[in-house]
Each structure stands twice: as C-alpha cells, then as structure tokens.
Protein chains: 2
Amino acid sequence: MQNRSPSGGGESLLFLTDDQLRKGIEAMFFAYRGFTADPDRILAKHGYGRAHHRAIHFVNRQPGTTVNNLLDILGVTKQSLNRVLRRLVEDKLVDSRVGPHDKRERHLYLTERGRVLEHELSEAQRRRMRAAYRAAGPDAVQGFRKVLEQIMDPQMRVFLNTMSDRS
Amino acid sequence: MQNRSPSGGGESLLFLTDDQLRKGIEAMFFAYRGFTADPDRILAKHGYGRAHHRAIHFVNRQPGTTVNNLLDILGVTKQSLNRVLRRLVEDKLVDSRVGPHDKRERHLYLTERGRVLEHELSEAQRRRMRAAYRAAGPDAVQGFRKVLEQIMDPQMRVFLNTMSDRS
DNA sequence: CATTTTATGTCAGTCTTGTTGACTTTCCAA
DNA sequence: TTGGAAAGTCAACAAGACTGACATAAAATG
C-alpha cells in the first residue's frame with residue numbers, strides 16, 4: 001500500500017491516509033513544544049511568560065506599531081494584551097508613546113533593555129531553527145515553509161510576507 | 001544578496017539570514033494557531049479545552065496506556081493531567097481501569113462516547129492538514145515533516161515513529 | 001456645536017491549564 | 001516486616017486567556 005499517487009511527484013492528487021495525517025499532526029504538536037522550549041526557559045528566569053515574548057517579538061518587528069495592530073496579529077483580547085503590555089512598560093522594556101497624529105493611539109517601541117531581552121529570546125529560537133534547517137537541508141526548508149503557509153489562516157500569510165524591510 | 005550557498009541544493013551548508021529564520025519562526029506561530037483553531041471551536045461547544053483534546057488524542061492512539069505514559073508524552077505535571085482526566089472519566093469519555101498486574105497503575109481507554117468526540121476532533125484537524133498537504137504537494141510535505149522532526153526534542157522523534165500499528 | 005463613534009484603558013470576575021506541596025495506596029526490596 | 005519508591009489523588013495557587021461594564025479622550029459626523 002503506497003501513499004503517493006502513481007505519478008510520484010508534483011501537483012498530483014495525494015492519497016493521504018489517516019495515519020500519515022496523524023503523524024503530521026503529532027509532529028506539529030511536538031515540534032511546537034520544542035520551538036517554544038528555549039525562550040520559555042529564558043522568560044521564566046525573568047518572570048515573564050509566552051505572552052510577553054509574543055508582544056516583544058512583534059513590537060520589535062514593527063517599531064511604532066499600535067495596540068490595535070498588535071491585537072490583529074496576536075488574536076487575543078485587548079484586556080489580555082493590556083495586562084502584558086502594562087507590565088512591559090512598567091519594567092521599561094517597552095515604550096508607549098501617544099500618537100502624533102491621532103492621540104488616541106499608543107505607538108509601541110522597545111527600549112534598549114527591551115531590545116536586549118528580545119535579542120536573547122530570538123537568538124535562542126533562531127539557534128534551534130538554524131540547526132533544524134541545516135540538518136534538514138534547503139529543499140526541506142522550502143517545503144516546511146510552504147506547508148506552514150497553507151496551514152495558517154490566509155490573513156496571516158499576507159502579513160508574514162509583507163514588511164521584511166528593516167535591515 | 002542571495003540567501004543560498006552557491007551550490008544551490010542538497011546538503012551544503014546554508015547561509016541563513018536572521019530574516020529568513022524570523023519568517024520561519026513566525027510561520028510556526030501562525031500555523032500552530034491555525035492548526036488548533038478547528039478543534040478549539042469543537043471543544044468549546046462541549047466545554048472542553050486543548051488539554052482535553054491532547055489527552056483524548058493520546059489515549060486513543062495508545063489504548064490502555066497508563067497515566068505515567070501520558071505524562072511523558074504530554075510533558076505536564078501529573079496534577080495537571082489528573083484534573084483533565086478526572087473530568088473526562090466523570091463525563092464518561094474515558095474509562096480508567098486499575099492495572100491487572102500493578103494495582104497502582106490506571107489503564108486508560110476511550111469509551112464509545114470518547115471515540116465519537118475523538119473522531120470529530122481529529123477529522124477537523126485532518127481536514128485542514130489534508131488541504132494544506134494537497135496544496136503544497138508531496139515534496140513539500142516530506143520537507144515539512146523533516147524539519148518538524150529536527151525542531152522537536154529527540155525523545156519525541158522516537159515516539160512519533162513507533163507504534164503506528166492499529167488500523 | 002452637539003452627538004456618536006473609535007481607541008485605549010481600567011476594574012471585576014470567570015475559566016483553563018499550568019505549577020508545588022501534602023497525601024494515600026500499592027509494590028518491592030532490604 | 002518495614003521502609004522507601006512509584007503511581008495516582010486532592011488542595012491551593014498563578015498565568016494568561018476570556019467576558020462584560022465602564023471611563024476617558026479624540027475624531028468624525030450631523
């Protein structure tokens with residue numbers, strides 16, 4: 001019993017057994033745990049959680065982004081994000097500035113301290129990804145990215161590939 | 001400025017920019033959210049959370065597994081798992097039987113009701129994975145699996161590829 | 001100019017799912 | 001047979017999600 005359609009490659013219709021899919025599902029679960037493990041350890045030392053990491057990551061990625069922008073990306077409620085941001089502002093990792101044109105908005109920036117933690121977190125995460133990419137090879141990486149983009153909701157796909165400007 | 005090493009394919013050493021890695025990291029984040037979205041909706045209807053899904057999934061995968069086995073797989077504390085299992089046993093989705101040889105152990109099985117919910121959850125998750133796999137193509141799927149296995153901790157890699165017996 | 005809408009934030013309370021610590025039951029080995 | 005290890009349960013607590021109600025201030029609209 002083979003899993004591929006006879007032609008064997010490309011865009012043909014795949015025969016996908018439940019067991020094949022189950023392995024992919026479990027792989028996602030286990031990989032995501034590994035993926036978050038290194039940052040989680042660093043965050044725990046500082047008394048933060050995964051929610052703080054996410055906020056720091058996306059503020060770093062789009063300096064000057066507003067709270068509302070972040071809400072769209074993170075997909076949580078403003079109350080939940082607010083708790084996290086308040087803490088980060090208190091701890092002087094994030095700077096919240098009133099909008100120059102629209103004073104209702106708060107524009108968010110990492111402080112120097114914020115950038116230090118961001119770098120520590122992202123470097124740990126990149127280290128694991130780099131090792132995985134190198135072990136799997138460039139073709140596998142391309143496939144990896146391709147499947148992940150298909151799994152996510154289309155909105156996020158757009159966001160992912162815009163704004164790779166800085167640096 | 002190109003991202004690949006000159007040879008362009010295969011097992012050569014990759015030049016991986018921080019931006020390439022960042023895209024992979026964000027792709028994991030967004031994809032995982034999509035990955036859990038469909039089951040989450042179903043679970044919410046029944047008043048369950050993601051933890052219940054995980055327990056149901058792995059009890060279904062290894063009928064008769066013990067609590068200790070589950071703990072190794074799930075990577076949470078036994079107290080945390082116990083709360084989830086207690087609820088599932090109360091609700092008659094999981095059957096907990098005292099071990100025949102070692103009475104300290106509890107062997108776990110899905111009931112008929114449990115299997116019904118398990119199927120609803122896994123079918124929703126498979127539907128999304130199937131669509132993503134088909135859109136990405138078989139080569140991409142192979143790469144996807146390969147990179148995920150590299151990201152996860154090695155212990156889990158072993159578990160993933162053993163025990164694909166039933167069915 | 002008055003009213004409504006939007007953006008942000010606060011407060012209170014709930015739920016899920018992690019955590020640690022204390023405990024019981026059971027098994028096994030000294 | 002007794003003492004420790006292993007498996008599982010119970011109690012209490014914390015992080016971080018959620019909802020709903022409300023306050024404030026600015027912008028947009030009539």
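By convention in this document, chain letters (A, B, ...) are assigned in the order of the sequence lines, proteins followed by strands, and residues within each chain are numbered from 1. Keep in mind the model is a prediction, meaning the values are calculated, not measured.
Heavy-atom nearest nucleotides on DNA chain C were determined for A:R83 and for A:S96, and the one closer to the 5' end corresponds to A:S96. Nearer the 5' end of DNA chain C, as judged by each residue's closest nucleotide, is the contact made by A:N82, out of B:Y48 and A:N82. Checking B:L85 against A:K78, the closest nucleotide of DNA chain D that is more toward the 5' end is the one next to B:L85. Each of A:Q79 and A:R54 was matched to the nucleotide of DNA chain D holding its nearest heavy atom; the match closer to the 5' end belongs to A:R54.
Between B:L74 atom CG and C:dT19 atom C1' the separation is 16 Å, expressed in whole Å. Here D:dT9 presents its C1' atom at 18 Å from CZ of B:R87, a figure rounded to the nearest Å. Nucleotide D:dA17 holds its P atom 12 Å from the CG atom of A:L71, rounded to whole Å. Rounded to a whole Å, the CG atom of A:D40 is 12 Å from the P atom of C:dG18. Distance B:K45 NZ to C:dC15 P: 21 Å, rounded to the nearest Å. Rounded to an integer number of Å, the gap from CZ of B:R41 to C1' of C:dT16 is 19 Å. A:R86 has its CZ atom 15 Å from the C1' atom of D:dA17, to the nearest Å. Whole-Å rounding puts the A:L70 CG to C:dA7 P distance at 15 Å.
Cation-pi geometry between A:R97 and A:Y109 is met: under 6.0 angstrom from the ring centre, within 45 degrees of the axis.
Checked against D:dG16, D:dC10, C:dG18, the side chain of B:A51 finds its nearest nucleotide in C:dG18. Side-chain proximity of B:E105 to D:dA7, C:dG18, C:dT10: nearest is D:dA7. Checking C:dG9, C:dT26, D:dA17 against the side-chain heavy atoms of B:R104 singles out C:dT26 as nearest. Relative to the side chain of A:H52, the nucleotides D:dG16, C:dT8, C:dT19 differ in distance, and D:dG16 lies closest.
A donor and an acceptor atom never sit less than 3.5 Å apart when one is taken from the side chain of A:R50 and the other from the base of D:dA15.
Without hydrogens or angle criteria, B:R157 side chain to B:E149 main chain gives a donor-acceptor distance under 3.5 Å.
Residue-level contact check: B:G47 touches the backbone only, with heavy atoms under 4.0 Å from sugar-phosphate atoms and none from bases.
The two residues B:T65 and B:F58 come nearest to each other via the heavy atoms CG2-O, 4.4 Å.
A salt bridge links A:E120 to A:K45: one of the charged nitrogens lies within less than 4.0 Å of a carboxylate oxygen. Using a cut-off of 4.0 Å between Lys/Arg side-chain N and Asp/Glu carboxylate O, B:R87 and B:E90 are scored as not salt-bridged.
In this model, the phosphate group of D:dC18 is approached by a side-chain N or O of A:T77 to a distance below 4.0 Å at OP1 or OP2. Between B:N68 and D:dA6 there is no side-chain polar atom (N or O) within less than 4.0 angstrom of OP1 or OP2.
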